[in-house]
Amino acid sequence: LFRSSQLEIFKAINEDYLKTVKPIFKNSCFNCHSSQNQLPWYHSLPLVKGLLDSDIQESKKHMDLSNDFPFQGHGTPQEDLEAIGKTVRDGTMPPFRYRMMHWGSGLSKTEKEAILKWVEESQKKLSPN
């Protein structure tokens with residue numbers, strides 16, 4: 001459980017997230033990393049359905065964006081911010097297989113900058129100094 005001082009910091013981070021980052025994540029990440037999936041027509045095909053459902057379930061184990069910040073998953077809020085920053089800098093999301101089926105699903109330069117700025121500012125708020 002979190003201390004009340006941490007909860008206040010999380011609240012401030014979440015307010016910034018809701019304004020600047022959530023719209024980006026909703027457009028680019030929610031299909032796999034939330035319960036708000038917009039599944040393609042081919043999801044109804046038996047083999048494809050199993051593959052997509054498995055991918056979504058695995059994605060949400062790592063990071064579930066359904067309930068805003070702090071996110072659910074296997075990491076702490078600090079670890080999640082580090083992972084998001086690294087993933088955005090490295091360009092490792094969405095995975096290649098997803099990008100092949102969803103042209104234009106990557107992040108724009110402006111979107112990357114906004115996410116990285118939010119990550120950096122959020123990490124400063126969480127740092128004990």
Side-chain angles (χ1 to χ4, degrees):
L1 295 174
F2 300 112
R3 298 186 313 269
S4 63
S5 59
Q6 285 177 305
L7 293 176
E8 287 301 314
I9 293 169
F10 293 159
K11 183 178 176 187
I13 292 171
N14 190 53
E15 287 175 10
D16 292 338
Y17 166 76
L18 292 172
K19 286 183 221 164
T20 59
V21 177
K22 186 175 182 176
I24 298 167
F25 282 0
K26 190 171 186 177
N27 187 47
S28 300
C29 310
F30 272 30
N31 275 344
C32 296
H33 289 279
S34 83
S35 55
Q36 301 171 32
N37 316 99
Q38 292 183 344
L39 300 170
W41 66 267
Y42 49 83
H43 177 261
S44 61
L45 302 174
L47 292 175
V48 175
K49 178 179 178 20
L51 180 63
L52 290 178
D53 289 349
S54 174
D55 284 351
I56 292 168
Q57 184 178 11
E58 183 65 25
S59 299
K60 286 171 58 178
K61 280 184 196 174
H62 290 282
M63 188 172 300
D64 185 346
L65 305 172
S66 300
N67 297 313
D68 300 332
F69 189 86
F71 306 121
Q72 296 173 330
H74 62 70
T76 66
Q78 294 88 335
E79 290 168 338
D80 287 346
L81 289 168
E82 285 177 31
I84 291 167
K86 182 174 178 12
T87 299
V88 169
R89 282 189 296 277
D90 295 349
T92 54
M93 282 286 151
F96 180 74
R97 183 173 72 197
Y98 185 88
R99 283 190 302 230
M100 291 304 297
M101 297 297 291
H102 303 88
W103 292 97
S105 59
L107 298 170
S108 71
K109 182 180 180 199
T110 305
E111 290 169 329
K112 288 179 183 181
E113 289 170 354
I115 294 166
L116 292 173
K117 181 180 179 197
W118 172 75
V119 166
E120 183 180 317
E121 290 173 357
S122 299
Q123 287 174 320
K124 285 178 185 173
K125 289 176 183 170
L126 287 171
S127 78
N129 301 19

Please work out which of the three classes, parallel, tilted or perpendicular, describes the rings of F71 and Y17, given edges at 30° and 60°. perpendicular
Between CD1 on residue I9 and CG on residue N14, distance to nearest 0.5 Å: 13.5 Å
Gap separating the OH atom of Y42 from the CG atom of L52, nearest 0.5 angstrom: 6.5 Å
Please lay out, stage by stage, how E121 and K125 fare under the test salt bridge (charged side-chain N to carboxylate O under 4.0 Å, His left out). CA-CA 6 Å; E121 290 173 357; K125 289 176 183 170; 5.5 Å; no
Considering residues at least two apart in sequence or located in another chain, which fulfil the ring pair (Phe, Tyr, Trp, His ring centres under 6.0 Å) criterion with F30? none
Do Y98 and V48 sit in one hydrophobic cluster, given that two such residues count as connected whenever their side-chain heavy atoms are within less than 4.5 Å of each other, even indirectly? no
For L116 and R89, work out which heavy atoms get closest and say how close. CD2-NH1, 3.7 Å
Tell me the closest heavy-atom pair linking E111 and S108, and the distance in Å. OE1-N, 2.8 Å
Heavy-atom check, side chain of I24 versus side chain of W118, under 4.5 Å: no
Considering only residues two or more places apart or on different chains, which pairs with a residue in residues 37-55 satisfy salt bridge (Lys or Arg N to Asp or Glu O under 4.0 Å)? K49-D53, D55-R97
Where L81 and S122 come nearest, the two heavy atoms and their spacing: CD1-CB, 3.7 Å
Residues K117 and E113 bridged, charged N to O under 4.0 Å: no
Taking all heavy atoms of T87 and all of M93, pick out the closest pair and write down the distance. CG2-CG, 3.2 Å
Please round to the nearest 0.5 Å and tell me the distance separating atom OG of S5 and atom CG of L7. 8.0 Å
Closest non-hydrogen contact found for S34 with Q36 is OG-N, 2.9 Å
Solution key, residues 62-70 side-chain donor-acceptor pairs under 3.5 Å, sequence neighbours excluded:
residue : atom : partner : partner atom : Å
H62     : ND1  : H74     : NE2          : 2.9
H62     : NE2  : E58     : OE2          : 3.0
D64     : OD1  : S66     : N            : 2.9
D64     : OD1  : S66     : OG           : 2.5
S66     : OG   : S35     : N            : 2.7
S66     : OG   : S35     : OG           : 3.2
N67     : ND2  : Q72     : OE1          : 3.4
D68     : OD1  : K22     : NZ           : 3.0

Rounded distance [0.5 Å steps], CD1 in I115 versus SG in C29: 6.0 Å
With heavy-atom distances below 4.5 Å as the criterion, would you say the side chains of V21 and D16 are in contact? no
Side-chain donor or acceptor of S127 paired with backbone N/O of K124 under 3.5 Å: yes
Could you measure the distance from the CD atom of Q38 to the NZ atom of K26? Nearest 0.5 Å is fine. 8.0 Å
Distance from K60 atom NZ to N37 atom CG, nearest 0.5 Å? 6.5 Å
